[in-house]
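Data block below; observations after.
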Amino acid sequence: MEEELLRIRREKLQKLWEMGIEPYPYKFDRQYFSSDLLEKFGTLGVNDDSQLNDPNAPRVKVAGRIMSQRSKGKTAFAHIQDMHGKIQIYARKDILGDLVYEAFSKQFDLGDVIGVKGVLFKTHTGEITIKAEEITLLSKSLRYIPVGKEKVMDDGTVQRFSDVDDKEFRYRQRYADLIMHPEVRETFVKRSKIISSIRQFLDQRGYLEVETPILQPLYGGASARPFVTHHNTLDMKLYMRIALELYLKRLIVGGFDKVYEISKIFRNEGMDRFHNPEFTMLEFYEAYSDFHDLMTLTEEMLGFVCHTVNGTLEIDSMGHRVNFKPPYARLSMFEAIKQYTNIDVSEMSEEQLRDECKKLHIHTEPAWDRGKLIDELFSEKVQSHLIQPVFITEQPIEISPLAKKHRSKKGVVERFELFILGSEVANAFSELNDPIDQRQRFEAQMGLRARGDEEAQMLDEDFLRAIEYGMPPTAGEGIGIDRLVMMMTNQESIRDVLFFPTMRPE
RNA sequence: GCGUCCAUAGCUCAAUUGGCAGAGCAAAUGACUCUUAAUCAUUAGGUUCAAGGUUCGAUUCCUUGUGGACGCACCA
């Protein structure tokens, strides 16, 4: 049957050639988007057809995809969809002429792209409509788009019938998903706005956007397993980056005092609705600042982003109302654990922590040290409770090999993670710029690697050489863009904020 | 990587204890000069995800595989 549908379309294409109608012309001078016309001419009276017989009335030209068609013999209605919405067109045989009307009503299908020139009027049911004087085929669609019929309800919402509900279809053929689902397009428009508003925010504060290598001889800056690839000419192993951190700090050494990068990073790990193998990361670094400064900056940035995208600082997402209005709560990791579990980990040994985890039925690995155990306790028992924005500060030094020791507290670093809706949104610290200390931290990581921790970080001699030249005191932060977009757009799966999520081959 | 669930017409879904595989929409043909889930009439459309098994008989039960969704583990 599918073949039958495709065959019919191809026959129509052939018929169009025979009729002298070019199915794939080169250009159309589009004048308005549908939304422009609905706004601009919304004041037309119901059933106002005063312009219809007026040769001097303004002619409008729009272009888009046919999304519905209601033929009534010698007249027909259709809706065409462009980037900003839909508009109805009204076709009459006596205006368009036999040939064009014949083509329009017989050879055109849902999914075809057409250009329309005509006069606006409002139907007696009150819909702004273009009475077509010219209809031009701009692209014949050979593949059937299963577009569901729609009904606009009294409250303005659109109810769709027999809509495609198959997630697999929608992810694999996002182009078709986007045609059929304006709300999906909306999500991605918001995604785009989120990213551009971040750029705007950082640019305004004197940050320079930079690009650093994706293919790296050594991967670092995070704990994760990498993708490995090979360069033929150099005959060498290359890794896809797992973080932006180490190269951006090299630029701080080089004298770029405020830099940021928004780009894809890659982690060779499990996939679920929060994880895609490639995802977008923002990292920014600012010389002469510390992690306190970044907390303030982060509050301002998220407030700005949320307001730009949603027009408000309070949004409903994941079943909660979240308030992005600064300032956000601040709590040390130890305080947070104490608050939610009544356990004081500040003086506990590795042994004691292991016992506490066991009591709470938290799975542990023998390779885990004190810091990792505390982090695990936090992740299991505290994190999901953190709904409103909260900065969790002063993480254990063992799990923060690139962060500076806390200036006054032992065993922890100057770091914060921002949690919202139970999920980590930002991770920042006063960057470790003591090359001797940094070398020791790397060596400790190599020790973990020897203990069997595949994700422990690698010692990067070139990075050490860079900070041996002297890196100013610096604060740096990373924000996972996809998670932020999920939050801001109320999407439950990362696949719904990625145009083309990673899928197995068909 | 492990577990649970799902896969029937182009789309959304039915199909009684295991007994001739159906409907709406979309499509084709025809009627219809303000329709809007347009309407009316007619027609066509199926390797029931794949392979194997049980059975007189499998969309239905069993096994394996493929793809997806969800959960767990790992992680952001």
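Chain letters run A, B, ... following the sequence lines, proteins first and then strands; every chain starts at 1.
- Across all strands shown, A:Gly270 has heavy atoms under 4.0 Å from base atoms, whether or not it also approaches the sugar-phosphate.
- Nucleic acid contact for A:Lys372: sugar-phosphate only, since backbone atoms but no base atoms lie under 4.0 Å from a heavy atom of the residue.
- The nucleotide whose nearest atom lies closest to any side-chain atom of A:Lys72 is, among B:A27, B:U33, B:C34, B:C34.
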Taking only nitrogen or oxygen atoms into account, show me every contact under 3.5 Å that the protein makes with nucleotides 70-72 of chain B, one pair per line with its distance.
from	atom 1	to	atom 2	distance (Å)
B:C70	OP2	A:Arg495	NH1	2.9
B:G71	OP1	A:Arg273	NE	2.8
B:G71	OP1	A:Arg273	NH2	3.0
B:G71	OP2	A:Arg273	NE	2.9

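- Residue-to-nucleotide contacts include a donor-acceptor pair under 3.5 Å from the side chain of A:Thr123 to the base of B:U35.
- Listed by first residue number, the stems of RNA chain B with at least three Watson-Crick or G-U pairs below 3.5 Å are B:1-7 with B:66-72, B:10-13 with B:22-25, B:27-31 with B:39-43, B:49-53 with B:61-65.
- Minimum atom distance to the side chain of A:Met503 is reached by B:G68, of the listed B:A27, B:G68, B:C74.
- Contact of the A:Arg441 side chain with the A:Ile397 side chain is registered, since non-hydrogen atoms from C-beta on lie closer than 4.5 Å.
- Between B:U35, B:G68, B:C74, one nucleotide has an atom nearer to the side chain of A:Trp368 than all others, and that is B:C74.
- Between A:Lys86 and A:Glu150, at least one side-chain nitrogen of the basic residue sits less than 4.0 Å from a carboxylate oxygen of the acidic one, meeting the salt-bridge criterion.
- Out of B:A76, B:A26, B:A27, the shortest distance to the side chain of A:Phe279 is found at B:A76.
- The residue A:Gln159 sits apart from the nucleic acid: no heavy atom pair falls under 4.0 Å.
- Put simply, A:Phe161 rests on the base of B:A37: the two rings are less than 5.5 Å apart at their centres and nearly parallel, under 30°.
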